[in-house]
Amino acid sequence: MELFLRSRKFEMIRTTFCILVVFALAGIPVMESRPKTQAGIKYSALNCRKHRAVITDFGAVGDGKTSNTKAFREAIIKLSPMAADGGVQLIVPPGKWLTGSFNLTSHFTLFIQKGAILLASQDESEYPVVPPLPSYGRGRDAPGPRFASLISGTNLTDVIITGNNGTINGQGKYWWAKFKSGGFKSITRPYLIEILFSNNLQISNVTLINSPSWHIHPVYSNNVIVKGVTILAPIDSPNTDGINPDSCTNTLIEDCYIVSGDDCIAVKSGWDEYGIKFAMPTQQLSIRRLTCISPDSAGVALGSEMSGGIKDVRIEDTTLIQTQSAIRIKTAVGRGGYVKDIFARRLTMKTMKYVFWMSGAYNQHVDDKWDPKALPVVTNINYRDMTAENVTIAARLEGIKKDPFTGICMSNVSISLAPKAKKLQWNCTDIAGVTSKVTPKPCSLLPEKEKPVDCAFPEDKIPIESVVMKKCIA
Ligand SMILES: *[C@@H]1O[C@H](CO)[C@@H](O)[C@H](O)[C@H]1NC(C)=O
Ligand SMILES: *[C@@H]1O[C@H](CO)[C@@H](O)[C@H](O)[C@H]1NC(C)=O
Ligand SMILES: *[C@@H]1O[C@H](CO)[C@@H](O)[C@H](O)[C@H]1NC(C)=O
Ligand SMILES: *[C@@H]1O[C@H](CO)[C@@H](O)[C@H](O)[C@H]1NC(C)=O
Ligand SMILES: *[C@@H]1O[C@H](CO)[C@@H](O)[C@H](O)[C@H]1NC(C)=O
Ligand SMILES: *[C@@H]1O[C@H](CO)[C@@H](O)[C@H](O)[C@H]1NC(C)=O
Ligand SMILES: *[C@@H]1O[C@H](CO)[C@@H](O)[C@H](O)[C@H]1NC(C)=O
C-alpha cells in the first residue's frame with residue numbers, strides 16, 4: 001500500500017521489478033491491473049512534481065455511478081506529506097469519476113487526462129456547509145452559509161489543476177432547477193472550483209461544464225493563471241459565470257473559450273458594507289484572447305460586488321459573439337469602493353445588444369444595513385481599437401446622480417448597427433469623458449476631441465505575464 005506514494009525513481013524500480021515478477025510467474029494471471037494512465041504527456045506548469053499517484057490507487061471507480069468522494073478526500077490526506085516533499089501530482093485517468101466536494105493541498109497538481117470526466121455529485125450531503133465569505137456577509141443565493149465548492153482550497157500555495165483537456169462536469173441541472181423554484185432559501189449553491197487565501201494558482205487545459213453556479217472562483221488570492229480553459233453551460237442556466245477573480249492581485253486569464261448563462265468573466269471584490277470593511281481589491285488583472293458567447297450577460301463584468309475596489313484591469317484581443325454587452329460596469333449607491341484604471345483594446349464584436357454598458361443603479365443589496373453615503377468611484381475607463389457589427393444600442397451609460405462616472409475615454413471604435421437598431425444609440429446620464437474617431441456619433445457628454453487622441457493602454461506588464469512556465473511530464 002505504501003507503493004502508491006512513490007517518487008519517479010521508485011516508479012522505475014517498481015516497473016522493472018514488476019516485469020521481473022511477470023517473467024518469473026509467467027502463465028499466472030497478473031493480480032493487479034491498473035487502467036492505462038497515458039504517462040509521458042508533456043505539459044507546462046508553474047512547477048513540476050517529484051511524486052505521482054493515480055486516483056485508482058485510493059479505490060476510486062470510474063463507472064460514473066460509484067461515489068468517489070472518499071477516494072478523493074483520502075488521496076489528498078495521504079498525499080499531503082509527499083506534497084510537502086517536492087510536490088505531488090494526482091492523475092485522474094480516462095473514466096467517469098463521480099465525486100462530492102474535496103479540498104486540495106499545497107504543492108499539488110490535479111491532472112485530469114483526456115477522456116477523464118470528474119462528475120459532480122448531485123447529493124447535497126456530499127458538500128460540507130461552509131461559512132459565507134467575509135467580504136460578502138452572506139451567500140450569493142440566500143442569507144446564510146454556502147455549500148462548499150466541488151474543488152475547494154484555503155490557505156494554499158502552488159496549486160495546479162490541469163490536464164490534456166479532461167473535463168469537470170458540475171451536473172448543474174439539479175441545482176438550477178432547485179434554484180429556479182426557490183429551493184435555496186438558506187444555503188447558497190456550490191461553485192465548481194473555489195480557492196481562497198492562496199498563492200500561485202494555475203488552472204489550464206481543462207474543460208469545465210455545467211457548474212451549479214460560478215465555474216472558477218479565485219478569492220483573496222495572488223498570482224493566478226487561468227489558461228486554455230473551455231467553459232460551457234447552457235445560455236439559460238442561472239448564475240453560471242465563467243471566471244470570477246474576486247479580491248485577487250496579479251491574475252492572468254488567457255486563451256479561454258466561454259459560453260455561459262451569465263457573465264463570461266465577472267471581476268469582483270466584495271459586497272456593500274462587508275466588502276468595504278474587508279477592503280481587499282482586485283487589481284493587476286490581465287484578460288486576453290478570450291472568446292465569449294453570452295446572450296444575456298457581459299463578456300467582462302466589473303461588479304456588481306466591487307466594494308473592495310477594482311483597479312488596473314487590462315482586456316485585449318478578445319472576441320465577443322452574441323453577447324449582451326462587451327464590458328459592463330455594475331455598481332450602486334451603498335457599494336462604496338471604486339472601479340478605476342480600466343483599459344481595453346482590440347475587441348471584435350458581433351451581434352451585441354449593447355457595446356458599452358455602465359449601470360449605476362444595480363440595486364441588489366446584502367441586507368438593509370448598507371450605507372447610503374457609500375458612493376462608488378468610477379473613473380479612468382479607457383476603450384480603444386474596437387469594431388462591432390449588428391449592434392442594437394451602441395452605449396447605455398448610466399452614472400449616479402451627484403456621483404458621476406468620470407474620465408471615460410473611447411477612441412477608434414467603429415460600430416455598425418443591426419437592422420432593428422434602436423433610434424437612441426447613445427443613452428448617457430451622469431457621466432463625463434471624451435471620444436475620438438467613434439461611430440456612430442457619441443452623446444454630448446462624451447464630446448469628440450478636436451485633435452485625435454488614442455485612449456491609454458499601459459505599456460508595462462503585470463508581473464504574472466512574465467512568468468516562464470516549466471515543462472513537466474504527467
Ligand atoms: C496545454 O496543452 C498544450 C498542448 O495541448 C501544451 O503544449 C501546453 O503546455 C499546455 N499548457 C498548459 C499551461 O498546461
Ligand atoms: C475543506 O476545508 C474547509 C475549510 O477548512 C472545511 O470547512 C471543509 O469541511 C473541508 N472539506 C472537506 C471535504 O473536508
Ligand atoms: C487559514 O489561515 C488563517 C490565518 O492564518 C487561519 O486563521 C485559518 O484558520 C486558516 N484556515 C484554514 C481552513 O486553513
Ligand atoms: C477541449 O474540449 C472541448 C469540449 O469537448 C472542446 O470544445 C475544445 O475544443 C477542446 N480543446 C482543445 C484544445 O482540444
Ligand atoms: C443580428 O442580430 C439579430 C439580433 O439583434 C439576430 O437575430 C441576427 O441573426 C443577427 N444577424 C446576423 C447576420 O448575425
Ligand atoms: C483602429 O482599430 C482597429 C481594430 O479595430 C485597428 O486594426 C487599427 O489599427 C486601429 N487604428 C489605429 C489608427 O490605431
Ligand atoms: C436610457 O437609459 C435610462 C437609464 O439607464 C433608461 O431608464 C431609459 O429607459 C433609457 N432610454 C431609452 C430611450 O432607451
Side-chain angles (χ1 to χ4, degrees), residues 41 43-44 67-77 80 99-106 112-117 120-121 123-134 145-156 159 162-169 187 190-191 193-198 204-210 215 219-220 227-233 254-260 289 291 293 316-320 326 344-350 355 382-389 410-416 435-439 452-457:
I41 301 150
Y43 69 102
S44 45
S67 171
N68 296 300
T69 308
K70 203 165 151 255
F72 277 98
R73 290 180 186 172
E74 258 180 39
I76 303 293
I77 292 167
S80 285
T99 180
S101 168
F102 60 94
N103 284 329
L104 301 177
T105 187
S106 292
I112 305 169
Q113 289 192 333
K114 192 169 188 63
I117 306 176
S121 167
D123 177 352
E124 291 182 9
S125 73
E126 301 224 71
Y127 297 80
V129 174
V130 297
L133 294 168
R146 320 178 297 138
F147 287 112
S149 298
L150 180 71
I151 301 178
S152 306
T154 306
N155 292 356
L156 305 181
V159 173
T162 190
N164 44 346
N165 208 16
T167 300
I168 305 175
N169 180 344
I187 310 183
Y191 302 141
I193 301 175
E194 180 177 77
I195 310 291
L196 293 80
F197 296 108
S198 296
S204 62
N205 286 2
V206 286
T207 292
L208 308 182
I209 66 177
N210 297 346
H215 284 81
V219 54
Y220 319 132
K227 182 178 168 70
V229 171
T230 302
I231 298 178
L232 307 170
E254 63 179 2
D255 302 311
C256 291
Y257 179 90
I258 304 177
V259 180
S260 93
R289 298 187 301 271
T291 302
I293 299 175
E316 56 189 326
D317 299 313
T318 282
T319 301
L320 305 145
R345 67 176 173 191
R346 301 195 299 251
L347 268 54
T348 307
M349 295 164 268
K350 189 165 181 201
V355 174
N382 301 275
Y383 298 147
R384 61 182 279 185
D385 305 338
M386 301 183 184
T387 59
E389 287 171 42
M410 298 177 186
S411 66
N412 184 28
V413 177
S414 159
I415 297 170
S416 57
T435 52
S436 180
K437 294 193 250 168
V438 174
T439 57
V453 292
D454 293 325
C455 302
F457 195 97

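Whatever order the structure lists them in is the order used to number ligands and atoms, beginning at 1. Just the heavy atoms: all of them, side chains too, but no hydrogens, waters or symmetry mates, feed the values below.
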Exercise. Please list, chain by chain and in numerical order, all residues satisfying ring-ring contact (aromatic ring centres under 6.0 Å, His included) with F72, sequence neighbours excluded.
Key: F102
Exercise. Before signing off on this row, confirm whether N165 and ligand 4 have an N or O atom pair separated by under 3.5 Å.
Key: yes
Quiz item: Just how far is it from atom NZ of K350 to atom CG of L320, taken to the nearest 0.5 Å?
Solution: 13.5 Å
Practice problem: Over all heavy atoms of both residues, which pair between H215 and A233 is shortest? Give the atoms and the distance, please. | Solution: CE1-CB, 3.9 Å
Quiz item: When rounded to the nearest 0.5 angstrom, what distance separates CG in D454 from OG in S436?
Solution: 7.0 Å
In a simple table, one pair per line, please give the protein and ligand 6 atom names for every N or O pair closer than 3.5 Å, along with the distance.
unit_1: ligand 6; atom_1: 2 (O); unit_2: N412; atom_2: ND2; d: 2.3
unit_1: ligand 6; atom_1: 11 (N); unit_2: N412; atom_2: ND2; d: 2.9

Practice problem: Please say whether K114 places an N or O atom under 3.5 Å from an N or O atom belonging to ligand 4. | Solution: no
Quiz prompt | salt bridge (charged side-chain N to carboxylate O under 4.0 Å, His left out) partners for R345, two or more places apart | solution = E316
Exercise. Within a distance under 4.0 Å of any heavy atom of R73, pick out the atoms of ligand 2 and give their elements.
Key: 13 (C)
Self-check item: Of T167, N169, N165, the residue whose pairing with T207 passes side chain to side chain donor-acceptor pair (under 3.5 Å)
Solution: N165
Self-check item: Ligand-residue contact atoms, ligand 2 with P128, heavy atoms, under 4.0 Å
Solution: 9 (O), 11 (N), 13 (C)
Quiz prompt | Close N or O approach (N103, ligand 2; < 3.5 Å) | solution = yes
Quiz item: Which residues satisfy the ring-ring contact (aromatic ring centres under 6.0 Å, His included) test with F197, sequence neighbours excluded?
Solution: Y220
Quiz item: For ligand 2, which atoms have a heavy atom of V130 less than 4.0 angstrom away?
Solution: 7 (O)
Quiz item: More than 12 heavy atoms of other residues, nucleotides or ligands under 6.0 Å from CZ of F457: is that the case?
Solution: yes
Exercise. Measure the CD1-CD1 distance between I168 and I112 for me, rounded to the nearest 0.5 Å.
Key: 3.5 Å
